[in-house]
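In what follows, a structure is listed as C-alpha cells, so that the remarks can point back to it.
Whatever order the structure lists ligands and atoms in, that order sets their numbers, starting from 1.
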Amino acid sequence: MLTTQQVVSISKEHGFALVGVTDARKSKWSTEFQQWLAAEKHGEMQWLANNVDLRIDPTVFVPEATSIICVADRYASDVDEPLPPRHGKIARYARGGDYHKVMKKRLHKVCDVLRELDSESTFRACVDTAPLFEREFAAAAGLGAIGKNTLLIDQSVGSWLMLGAIVTTARLEATSHNVAVDPCGSCTRCIDACPTNAISPWSVNASACISYLTIEHRSEIDPKYHKAMDEWIFGCDICQEVCPHNQQTEKTIASEVHSDYASRVSSLDLLDVLNWTEEDRREAFQGSALKRAKLGMMKRNAAIVAKNYLANTDDEALRNKITSWKS
Ligand code: SF4
Ligand code: SF4
C-alpha cells in the first residue's frame with residue numbers, strides 16, 4: 001500500500017521544496033468564495049465563476065478522491081534586481097520558466113511513479129489552472145498558513161511559493177505539522193502598503209489588484225489606478241515584499257530557488273514594448289508565464305508605466321512615443 005512517507009520522498013526527489021498530504025474534502029470557504037464572486041471581486045476573470053461545484057469539491061474533480069498531495073516550489077528570493085532606467089517591472093513569479101509547464105511536468109512525473117506503485121488508484125495533477133483551492137489544501141496539509149494578503153506563508157521561507165497538487169483516490173495519511181494558524185498577528189504591513197487598497201484582512205479585491213489589472217484585465221485600466229501601478233508592467237509583488245516573513249534570513253538564504261524559475265527577465269524596456277509587433281511579443285515571452293498578457297495589454301501597461309516614469313525623469317524618445325500614443 002502506498003504510504004505518505006513514500007509520496008513525500010518521491011515528490012522531494014522531483015525537486016519540490018515542500019510536500020504534504022491532506023484529506024480530499026469540500027472547501028471550508030465555499031460560502032465566502034460565493035460571496036466574493038457575488039460582489040464581483042473577480043473582475044473579468046469569468047473562469048473563476050465557472051464550475052463552482054468543481055472548484056469547491058475535489059471529489060467532483062476526481063470522483064472518489066480521498067487525498068490531496070500538496071507541493072510547493074520556491075520561485076524567488078527576497079532580494080530584488082535593480083530596475084534599469086526606462087524599464088517596467090515584472091512580478092517575480094513570471095521571471096523564469098512558465099510555472100504551468102515546469103511544475104506540471106514534474107507533477108506528471110511524480111504521478112507516473114505513484115501509478116507504478118499503486119496501479120489501482122487515480123492520480124490527477126493540477127497547477128493553478130485546474131479548479132482547486134490549492135492554498136487552502138496546502139495549508140491543511142501543513143505547508144504553511146494563509147496570511148492577510150491571502151497568500152500561503154511558510155514561516156521559515158516566506159511566501160515566494162508556487163503551489164501544485166495531485167488529487168488521488170489513494171488513501172493516504174494526512175501530514176501534520178506545527179503550523180501557527182495566524183502568521184500575521186497584529187501586522188498590517190501588506191494592507192498598508194497595497195497601492196490600490198485591494199487588501200482587507202484575508203481577502204483581496206482582485207478587480208482592484210495590480211496583478212489582476214495588468215495580467216487578466218483585457219480592457220482599459222481605470223485611470224484611478226494608473227499612478228498606483230507605478231513601475232509595474234506585469235504583476236505586482238508589493239504585498240509580498242513588505243511581509244516580515246519574506247525578509248532575508250539565514251534560512252531563506254539557504255533555501256534555494258528551484259532552477260526552473262531562474263530569472264531570465266525581470267523588467268522590460270518600455271519603449272521596446274510600445275514598439276513591439278506580435279512577433280516581438282511572442283519571441284520575448286517564449287516559454288514564459290508572461291505570454292498570458294496579449295500585445296494590446298502589454299502596450300497598455302507600458303504606456304501607463306511610461307507616463308509614471310516620465311513624471312519624474314526625462315527621456316525624449318519615450319516622451320515622443322507617448323505623445324503620439326493613440327493620438
Ligand atoms: S499584488 Fe499589489 S495591488 Fe495586488 S494586493 Fe498585493 S500589493 Fe495590492
Ligand atoms: S505583511 Fe503582515 S499582515 Fe501581511 S501577510 Fe505578511 S505578516 Fe501577514
Which atoms from ligand 2 have a heavy atom of [X] less than 4.0 Å away?
X: Lys148; result: 3 (S), 5 (S), 8 (Fe)
X: Cys190; result: 1 (S), 3 (S), 4 (Fe), 5 (S)
X: Arg189; result: 1 (S)
X: Asn149; result: 5 (S)
X: Cys243; result: 1 (S), 6 (Fe), 7 (S)
X: Pro244; result: 1 (S), 2 (Fe), 6 (Fe), 7 (S)

Aromatic ring pairing Tyr93/Phe234, orientation class (parallel under 30°, perpendicular over 60°, tilted between): tilted
In the protein, what heavy atom is nearest to [atom], and what distance, to one decimal place, separates them?
atom: atom 5 (S) of ligand 1; result: Ile199 CG1, 3.6 Å
atom: atom 2 (Fe) of ligand 2; result: Cys187 SG, 2.2 Å
atom: atom 8 (Fe) of ligand 2; result: Cys184 SG, 2.3 Å
atom: atom 3 (S) of ligand 1; result: Ile210 N, 3.2 Å
atom: atom 4 (Fe) of ligand 1; result: Cys209 SG, 2.4 Å
atom: atom 6 (Fe) of ligand 1; result: Cys239 SG, 2.4 Å

Passing candidate, salt bridge (charged side-chain N to carboxylate O under 4.0 Å, His left out) with Lys89, options Asp237, Asp80, Asp230: Asp80
[X] neighbourhood, listing ligand 1 atoms whose heavy-atom distance to it stays under 4.0 Å:
X: Ser211; answer: 1 (S)
X: Thr196; answer: 3 (S)
X: Cys194; answer: 3 (S), 5 (S), 7 (S), 8 (Fe)

Whether Ile153 lies under 4.0 Å from ligand 2, heavy atom: yes
For the side chain of [X] and the backbone of [Y], is there at least one donor-acceptor N/O pair under 3.5 Å apart?
X: Ser67; Y: Leu172; value: yes
X: Thr122; Y: Thr168; value: no
X: Thr175; Y: Ala141; value: yes

With Trp36 via ring pair (Phe, Tyr, Trp, His ring centres under 6.0 Å) - residues at least two apart: none
Closest non-hydrogen atom pair between Arg92 and Glu241, with its separation: NH1-OE2, 2.9 Å
Region of Ile191 engaging ligand 2 - heavy atom pairs below 4.0 Å: neither
Side-chain donor-acceptor pair present, Asn301, Thr214, cut-off under 3.5 Å: no
Glu136 side chain to Ser27 side chain, donor-acceptor N/O pair below 3.5 angstrom: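 The answer is yes; a qualifying pair exists.
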Cluster overlap Tyr309 with Val273, hydrophobic side-chain contacts below 4.5 Å: yes
Arg95 to Tyr261 six-membered ring, cation-pi geometry met (6.0 Å, 45°): no
